[in-house]
Enquirer: 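My questions will all concern the structure given below.
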Amino acid sequence: LPTTATQSVVHNNIRKSNSIIHRQNSNVSEKQKPFIAIILCTRSQPTWKSIKDSSLYSLLLPSIFKTVTAQEWKNYRVELMVGFDAGNDKFWERPKHRHQLQDFADKSNHNLTVNFMALTKGRP
């Protein structure tokens, strides 16, 4: 996860441009809004039994929901891109767990799309 200082700088930069973007986006479709991607890799723990055990559910998403303002959700298209090891992460390989995380994001009333990518290690 990014450091608090990094989050603060990014968040302040978003806020500084917010008033300009707001005027530009008043009648803009979702796909035309400025795009912010939060990209990360994750690895499950053997003790995780449900999505509620994951740090994405318990730490990351609540942090995003508290940090991004209602006006910022309105002005930006925000997507979470989550990478996990293909063939080496049984928890995230289960579609049920990926769908549950997106359902949690949907129920939060924020416009956050969660995308999962099964990543394979490249061979030299």
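Keep in mind that the numbers below use all heavy atoms, side chains included, and drop hydrogens, waters and symmetry copies.
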Enquirer: Treat each ILVMFWY residue as a node, draw an edge where side-chain heavy atoms are under 4.5 Å apart, and state whether L59 and I39 are in one component.
Expert: no
Enquirer: For a 4.5 angstrom cut-off between non-hydrogen side-chain atoms, does V68 reach L112?
Expert: no
Enquirer: Kindly compute the distance separating CG (L80) from OG1 (T113), expressed to the nearest 0.5 Å.
Expert: 9.5 Å
Enquirer: At their closest point, which heavy atom of K74 faces which heavy atom of K33, and how far apart are they?
Expert: O-NZ, 2.6 Å
Enquirer: Partners of M117 by side chain to side chain contact (heavy atoms under 4.5 Å, CB included), sequence neighbours excluded?
Expert: M81, L119
Enquirer: Could you note down all residue pairs passing salt bridge (charged side-chain N to carboxylate O under 4.0 Å, His left out) where residues 36-58 supplies at least one of them, sequence neighbours left out?
Expert: none
Enquirer: Tell me which pairs pass side-chain hydrogen bond (donor to acceptor under 3.5 Å, both in side chains) where either residue lies in residues 100-110, with sequence neighbours left out.
Expert: Q102-D106, S108-H110
Enquirer: So do the side chains of V114 and F104 get within less than 4.5 Å of each other, counting heavy atoms only?
Expert: no
Enquirer: Distance-only check: which donor-acceptor pairs under 3.5 Å involve side-chain atoms of residues 83-98, not counting sequence neighbours?
Expert:
from : atom 1 : to  : atom 2 : distance (Å)
D89  : OD1    : S44 : OG     : 2.5
D89  : OD1    : F91 : N      : 3.4
D89  : OD1    : W92 : N      : 3.2
D89  : OD2    : S44 : N      : 3.0
E93  : OE2    : G87 : N      : 2.3
E93  : OE2    : N88 : N      : 3.3
H97  : ND1    : F91 : O      : 2.8
R98  : NH1    : W92 : O      : 2.7
R98  : NH1    : E93 : O      : 2.9

Enquirer: Can you check side-chain contact (heavy atoms from CB on, under 4.5 Å) on T42 and L60, steps first, answer last?
Expert: CA-CA 11 Å; T42 187; L60 182 64; over 6 Å; no
Enquirer: Within the side chain of T67, is there an N or O that forms a donor-acceptor pair under 3.5 Å with the backbone of S63?
Expert: yes
Enquirer: Once rounded to the nearest 0.5 Å, what's the spacing between atom CG of L61 and atom CD1 of I38?
Expert: 9.0 Å
Enquirer: Looking at side-chain heavy atoms only, is the closest gap between N111 and Y76 below 4.5 Å?
Expert: no
Enquirer: Which residues satisfy the side-chain hydrogen bond (donor to acceptor under 3.5 Å, both in side chains) test with H99, sequence neighbours excluded?
Expert: none
